[in-house]
Amino acid sequence: MRVAVPHRWPVDRAEAEAIQDRLRPRVRVEPDDAPPPRPRLVAGLDVAYAKDDERLAAAVVVLDAATLEVVESVTTVGRAAFPYVPGLFAFRELPTLVTALERLTVTPDLLVCDGQGVAHPRRFGLACHLGVLTDLPSIGVAKQSLVGDHADPAPQRGAWSPVRDAGEVVGRALRTQTGVKPVYVSVGHRVSLAAATDLTLRLAPAYRLPETTRHADRLSREALRAALGTPA
DNA sequence: GCGACAG
DNA sequence: ATCTTGTCGC
């Protein structure tokens, strides 16, 4: 698929934040009463890092939303494009993830990202960034919270509590499995928070994390191992 | 000044 | 994220 590749890459924090502020207005958040999306192909994206914190491998895995079976997968190796700074995390892995997306022969109907969407200091986390670059619906499903406060959701699968930051609801702490730590769901692009929640639950029928993320996590680690075996 | 801080 | 074995519990 085609991706609107960023032309200028930030060299420091100020430039990176400026890019986020410039792209932020392009994010489209659907209202919760909007017609729910019915994606047929859902893509999971993840990145594995080498211990030297520089080389990395990205994986994009496309699943059939109905059966959760793998339709296609792509892996790419690269190098960290930015130091890790909370809030600027996307700049680390964006180039390698975009390369992987461009090698996809099918176009997914939804991107499920391993990180935040609008639950971000400038309301522009990785899921928003990838959503805007591809103009595809996207959601963020993070294992940890980045901003805001929330109550602990009830222990049952499906229970959730809003994540509020600076007076606005930016995401949900969602229990995908009874008695298991919640995940943090937020809108990336062209979806509602209600739909993002519903999709996350559907994609996580048996484990805490969505099957999309689990597949991408495993494949990115395998690709990294293979790449490290052949030092560049 | 102190603590928090996606992956 | 990554470094890492066994171990407690359902």
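Order of the sequence lines sets the chain letters (A, B, ...), proteins ahead of strands, with each chain counted from 1. All values derive from a computational prediction rather than experimental measurement.
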For B:dG7, does OP1 or OP2 lie under 4.0 Å from any side-chain N or O of A:Lys143?
-> yes
What is the distance, rounded to the nearest whole Å, between atom CD of A:Glu17 and atom C1' of B:dC5?
-> 14 Å
Answer yes or no: does a side-chain N or O of A:Tyr84 lie under 4.0 Å from OP1 or OP2 of C:dA1?
-> no
Whole Å only: how far is the NZ atom of A:Lys51 from the P atom of C:dT4?
-> 6 Å
Quick check: are there more than 12 heavy atoms from other residues, nucleotides or ligands sitting under 6.0 Å from CZ of A:Arg164?
-> no
Which is true for A:Gly87 with a 4.0 Å heavy-atom rule: it touches a base, it touches only sugar-phosphate, or it touches nothing?
-> base
Separation of B:dA6 atom C1' from A:Arg122 atom CZ, nearest Å, is 12 Å
Rounded to whole Å, OH of A:Tyr184 lies from C1' of B:dA6 at a distance of 11 Å
Separation of A:Arg92 atom CZ from C:dT2 atom P, in whole Å?
-> 11 Å
Can you tell me the distance, in whole Å, between the CG atom of A:Leu224 and the P atom of C:dT2?
-> 8 Å
Of all the choices, B:dG7, C:dA1, B:dC5, which nucleotide is nearest to the side chain of A:Pro86 once you look at every atom?
-> B:dC5
Would you kindly give the CD-to-P distance between A:Gln116 and C:dA1, to the nearest whole Å?
-> 13 Å
Checking all strands, does A:Leu126 fall into the base, sugar-phosphate, or nothing category for heavy-atom contacts under 4.0 angstrom?
-> base
Are A:Asp32 and A:Arg172 within salt-bridge range, i.e. N to O under 4.0 Å?
-> yes
Is A:Asp46 salt-bridged to A:Arg221, going by a charged N under 4.0 Å from an acidic O?
-> no
Output yes when A:Arg26 and A:Asp135 qualify as a salt bridge under the 4.0 Å nitrogen-oxygen rule, no when they do not.
-> no
Can you check the A:Leu88 CG to C:dA1 C1' distance for me, whole Å?
-> 16 Å
